[in-house]
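As structure tokens, the structure follows; a few thoughts come after it.
Please read all numbers here as calculations on a predicted model, not as lab measurements. Counting starts at 1 for both ligands and their atoms, following the listed order. For reference, positions follow the sequence shown, starting with 1.
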Amino acid sequence: MIEKIEELAVKFKDRIAYSVGENKVSFGGLFERAQKIAKELGGKDKFPVAVVGGRSADTMAAILGCIIAGRAYVPIDVSTPKERKNRIIKASNASIVLDCTDTGITCEKTENGVFSESENETAYIIFTSGSTGEPKGVPISYENLDNFIRWITALEPMDGFEHEAVLNQAAFSFDLSTAAIFYSLFKGHNIVQIEDKNDFCGIFKTIKKNKTGVFVITPTFMRLCLLEKSFCEKEYPFLKCVYFCGEALQKSLVKAVFERFPNVRIINAYGPTEATSAVCAVEITKETIEHEDILPVGKIDSSATEIFIDDGEIVLKGKSVFSGYVGRKDERYFEKGYRTGDLGYIRNGLLYCIGRNDSQIKFKGYRIELMEIEKNVLDIPGVEDCAVVAKKNPIGEVRMIKAFVSGKIGEEEIRKGLSEKLPEYMIPKITVLEKLPVNENGKTNRKELMSL
Ligand code: AMP
């Protein structure tokens, strides 16, 4: 991996590698910065490095610096509440924190990790929502990442572009970003970053200014883009391809995209963080939306990852699949393959995903375990009982997360308690009830709560 990255720096030296706001950095410039960081990280300590930052070129250079130094990077978004950030640093056993939140990078040693000379096999650790109440760390090895890069750089039609500008929508702490970053770096493309995801005008300015030809986004983000009436082929003739991943892609959305961009190519990719971002993909054409009720999420290609259905659940096996969560590496069930929790089926060589067998949801593109919210509400002093439910629209998309709470406590106090522990997108709408409703089995009546 390290040699390959160094080759890229030479091969694409003068090309723009990274654009954010007015700032543009060439491959040569980016790698020079990364090498300096790698030198600072160098030595024999091979523990992970927490990279705290936003979308600056410094954060990107810090990530590359970790890879060059042979150390796993642990991306933590700048918006992460302090308590959660500290829990992630501790759980990942990071021995160094690279803070890229201001201009320049500061490097701070943590109390974690005991000096170790053993070789590190982990490329990065992404933390995702955990049903135990704690975020869970997914370590992705160099072998996993290498397999993923081979797959995504050969993916039709993304393999055919020349020095394209590629929009990376996701923060570095979400695995969708790994698709945009590693695809772009290994193809010599320009990674285009949105500086502020809440600046609606800024998003379109960035896309236009960079003549962004490929989008790596969630369907939620596209829905947001389509709110802008002028977002169409006439105004954005350079848009060639949209790679969707991370949540269900609805037919209605694809139709709306084709109406505005009749010539764009659309890819629907599927995979969890645990299998290195994505394991399969399929092009969605105008014919697909005519003939399919539910859109397929990928072509089955066993050379990349083995995908099969066991008891209605999608199971993944092979070089893209991780080998266990941080601190829980002995989970034996991975030997038979990683059970995704996604319900699905295979038909005519295509994979379809039809829902979940647990309370994990996708909300605005974010992966959330309702149990994690529930456990964090229950930890707040004064809360007696809590049930968290997801309200969905008729096509199954989550529109709102609601927490019903009983106890001697007010909504504002609960919200404040949660905002110290959970990221903004996980904070539910809170309703305090005198008592939670109970069904005939004596359990919390979640069905009734769904209708409130
Ligand atoms: P994450 O680990 O955040 O990438 O989330 C992985 C989960 O997102 C999967 O287990 C699925 O539930 C969902 N997902 C990802 N891609 C798709 C897709 N194309 N269609 C439907 N669900 C998807």
Side-chain angles (χ1 to χ4, degrees), residues 75 77 124-131 135-140 144 148 151-152 155 168-181 215-223 242-254 257 266-284 288 292-300 305 307 309 312-316 320-322 325 337-346 350-370 372 390 392 395-398 423 425-426:
D77 192 66
Y124 64 79
I125 307 173
I126 282 185
F127 277 76
T128 172
S129 182
S131 57
K136 56 184 176 189
V138 181
I140 293 299
N144 295 149
F148 173 68
W151 174 79
I152 196 163
L155 186 65
N168 170 45
Q169 172 225 323
F172 289 120
S173 48
F174 296 105
D175 80 330
L176 181 60
S177 73
T178 60
I181 297 169
F215 280 16
V216 176
I217 60 172
T218 58
T220 297
F221 182 82
M222 177 54 90
R223 224 171 280 123
V242 182
Y243 172 100
F244 283 112
C245 192
E247 60 184 345
L249 178 63
Q250 305 290 350
K251 256 170 76 160
S252 55
L253 182 69
V254 176
V257 175
I266 292 180
I267 295 170
N268 191 15
Y270 161 85
T273 306
E274 287 85 343
T276 327
S277 195
V279 290
C280 60
V282 61
E283 183 166 359
I284 306 292
T288 323
E292 300 269 11
D293 287 332
I294 300 174
L295 297 179
V297 297
K299 270 187 201 155
I300 301 290
T305 306
I307 303 172
I309 307 291
E313 184 177 359
I314 302 172
V315 184
L316 309 173
S320 282
V321 182
F322 81 142
Y325 297 102
Y338 167 66
R339 301 189 76 91
T340 59
D342 288 318
L343 299 170
Y345 58 89
I346 294 169
L350 293 172
L351 179 70
Y352 295 79
C353 184
I354 51 170
R356 298 279 313 169
N357 66 4
D358 57 14
S359 60
Q360 181 184 302
I361 56 153
K362 278 286 167 129
F363 181 49
K364 296 180 182 168
Y366 295 110
R367 169 173 162 176
I368 299 171
E369 294 280 357
L370 296 180
E372 182 173 359
K392 296 183 181 173
I395 51 169
E397 294 163 332
V398 176
Y425 60 83
M426 285 179 80

### N-O pairing of Arg223 and Glu247 below 4.0 Å
no
### Query
For Ser277 and Ala179, which heavy atoms make the closest approach, and how far apart are they?
OG-CB, 3.9 Å
#### Entry: Minimum-distance pair of heavy atoms, taken over all atoms of Lys362 and Gly246
NZ-O, 2.7 Å
### Message
Counting only heavy atoms and a distance below 4.0 Å, can you name the residues contacting ligand 1?
### Response
Asp175, Gly246, Glu247, Ala248, Asn268, Ala269, Tyr270, Gly271, Pro272, Thr273, Val297, Asp342, Arg356, Lys362, Arg367
### Message
Using side-chain contact (heavy atoms from CB on, under 4.5 Å), reason through Trp151 and Thr305 one step at a time and then give a plain yes or no.
### Response
CA-CA 10 Å; Trp151 174 79; Thr305 306; over 6 Å; no
### Task
Please report the C-alpha distance between Phe363 and Tyr425 in whole Å, then the side-chain angles of each, then the deciding distance to 0.1 Å, and finally whether the ring pair (Phe, Tyr, Trp, His ring centres under 6.0 Å) criterion is met.
CA-CA 8 Å; Phe363 181 49; Tyr425 60 83; 8.6 Å; no
### Task
Give the ring-plane orientation class for Tyr352 versus Tyr345, where under 30° counts as parallel, over 60° as perpendicular and anything between as tilted.
parallel
